[in-house]
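Here is the structure we will look at, set down as structure tokens.
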Amino acid sequence: MKRFILLIFIASLTFVSCSQYEDIIVEDVTVNNFKFESTSKVILDLSVKIDNGSNKTLAVKKIDFTLATAKGRNFADVTLVKASKVKPHSDDYYPVQLQVNITDLMAIMSSGLDMHSPDLSKIFATGKLKMKAGCLPYTMKVDKKSLKDLVNSL
């Protein structure tokens with residue numbers, strides 16, 4: 001789960017073509033709190049250490065990803081609840097809150113995914129991430145890409 005969270009933030013900060021994003025590095029992700037809102041909804045409070053070497057304030061505005069198994073069965077939706085703005089020329093921890101909605105627990109169980117240390121090649125993400133550096137907005141679209149491929153391409 002921690003790898004997945006780190007992947008989301010690394011992808012959100014590095015998969016862009018604008019030069020403002022080149023000097024931004026996600027160094028660490030820590031899960032501060034793991035709260036079950038219901039049997040299928042989890043709120044994750046994270047501390048994300050970000051080294052923003054750029055001269056722009058960075059803001060992740062929206063994360064909407066659907067996670068699927070290798071067989072194409074969707075099993076979770078991940079959305080951004082709250083994130084802090086990352087100050088220019090800073091190297092600090094920033095609070096981030098994500099909501100994970102488990103949509104099909106049987107898909108996870110039948111695929112053999114181990115959620116304590118998942119095989120990232122068997123989890124696929126589809127969705128959008130919207131962010132802004134200074135006044136420049138950017139939307140990254142991901143279409144059925146394995147989390148392993150996303151991690152390896154960073």
Side-chain angles (χ1 to χ4, degrees), residues 1-18 20-22 24-52 57-86 93-133 136-154:
M1 185 65 105
K2 187 174 179 180
R3 285 184 185 174
F4 169 70
I5 295 164
L6 179 61
L7 169 69
I8 287 176
F9 286 101
I10 290 173
S12 71
L13 298 174
T14 59
F15 278 112
V16 294
S17 60
C18 298
Q20 281 86 0
Y21 298 97
E22 290 177 357
I24 299 167
I25 301 167
V26 175
E27 296 176 345
D28 185 34
V29 176
T30 305
V31 178
N32 294 332
N33 193 14
F34 190 82
K35 180 181 172 188
F36 282 95
E37 294 275 310
S38 68
T39 56
S40 62
K41 183 170 153 183
V42 178
I43 301 293
L44 296 173
D45 289 320
L46 312 171
S47 287
V48 182
K49 186 171 185 188
I50 300 173
D51 180 1
N52 184 3
T57 298
L58 177 72
V60 177
K61 297 293 189 180
K62 189 174 186 178
I63 295 174
D64 282 317
F65 283 106
T66 298
L67 302 180
T69 65
K71 294 180 181 177
R73 289 183 64 184
N74 295 346
F75 67 86
D77 295 320
V78 179
T79 55
L80 178 69
V81 176
K82 189 178 3 176
S84 299
K85 290 184 178 180
V86 178
Y93 281 91
Y94 294 91
V96 175
Q97 192 173 63
L98 293 177
Q99 178 176 310
V100 180
N101 290 317
I102 306 297
T103 56
D104 188 355
L105 185 58
M106 291 306 293
I108 298 171
M109 294 170 63
S110 66
S111 69
L113 288 175
D114 176 10
M115 295 314 286
H116 293 290
S117 58
D119 180 357
L120 299 181
S121 66
K122 295 181 180 180
I123 301 173
F124 293 84
T126 301
K128 291 182 186 178
L129 174 120
K130 293 182 181 182
M131 58 188 173
K132 191 174 180 182
L136 298 173
Y138 179 78
T139 300
M140 178 184 80
K141 295 179 182 179
V142 176
D143 186 30
K144 296 180 184 176
K145 186 149 186 152
S146 80
L147 297 183
K148 182 178 181 179
D149 289 344
L150 287 173
V151 169
N152 289 338
S153 64
L154 298 176

Answer whether the closest heavy-atom distance between the side chains of Tyr94 and Leu46 falls below 4.5 Å. no
Trace of the side-chain hydrogen bond (donor to acceptor under 3.5 Å, both in side chains) decision for Ser47 with Asn32: CA-CA 7 Å; Ser47 287; Asn32 294 332; 2.6 Å; yes
Set of residues satisfying side-chain hydrogen bond (donor to acceptor under 3.5 Å, both in side chains) with respect to Ser84, sequence neighbours excluded: none
Would you say the side chain of Val142 lies within less than 4.5 Å of the side chain of Phe65, judging by non-hydrogen atoms? yes
In chain order, what residues pass the salt bridge (Lys or Arg N to Asp or Glu O under 4.0 Å) check against Asp45, with sequence neighbours excluded? none
Can you name the side-chain hydrogen bond (donor to acceptor under 3.5 Å, both in side chains) partners of Thr103, sequence neighbours left out? none
Test of understanding: with salt bridge (Lys or Arg N to Asp or Glu O under 4.0 Å), list the residues that count as partners of Asp64, not counting sequence neighbours. Lys62
Over all atoms of both residues, closest heavy-atom pair of Ala107 and Phe75: CB-CB, 4.0 Å
Considering all heavy atoms of both residues, which atom of Ala83 and which atom of Val60 are nearest to each other, and what is their separation? CB-O, 4.2 Å
With sequence neighbours excluded, residues passing side-chain contact (heavy atoms from CB on, under 4.5 Å) with Ala70: Phe124
Could you go through the side-chain contact (heavy atoms from CB on, under 4.5 Å) check for Val100 and Leu67 one step at a time? CA-CA 10 Å; Val100 180; Leu67 302 180; 5.9 Å; no
Please evaluate residues Leu98 and Ile63 with respect to the criterion side-chain contact (heavy atoms from CB on, under 4.5 Å), reporting the C-alpha separation (whole Å), side-chain torsions for both, the decisive distance (0.1 Å), and the verdict. CA-CA 9 Å; Leu98 293 177; Ile63 295 174; 4.2 Å; yes
Hey, mind stepping through Ser110 and Arg73 against side-chain contact (heavy atoms from CB on, under 4.5 Å) and telling me if it holds? CA-CA 10 Å; Ser110 66; Arg73 289 183 64 184; 3.5 Å; yes
Applying salt bridge (Lys or Arg N to Asp or Glu O under 4.0 Å), name anything that partners Lys141, two or more places apart in sequence or on another chain. none
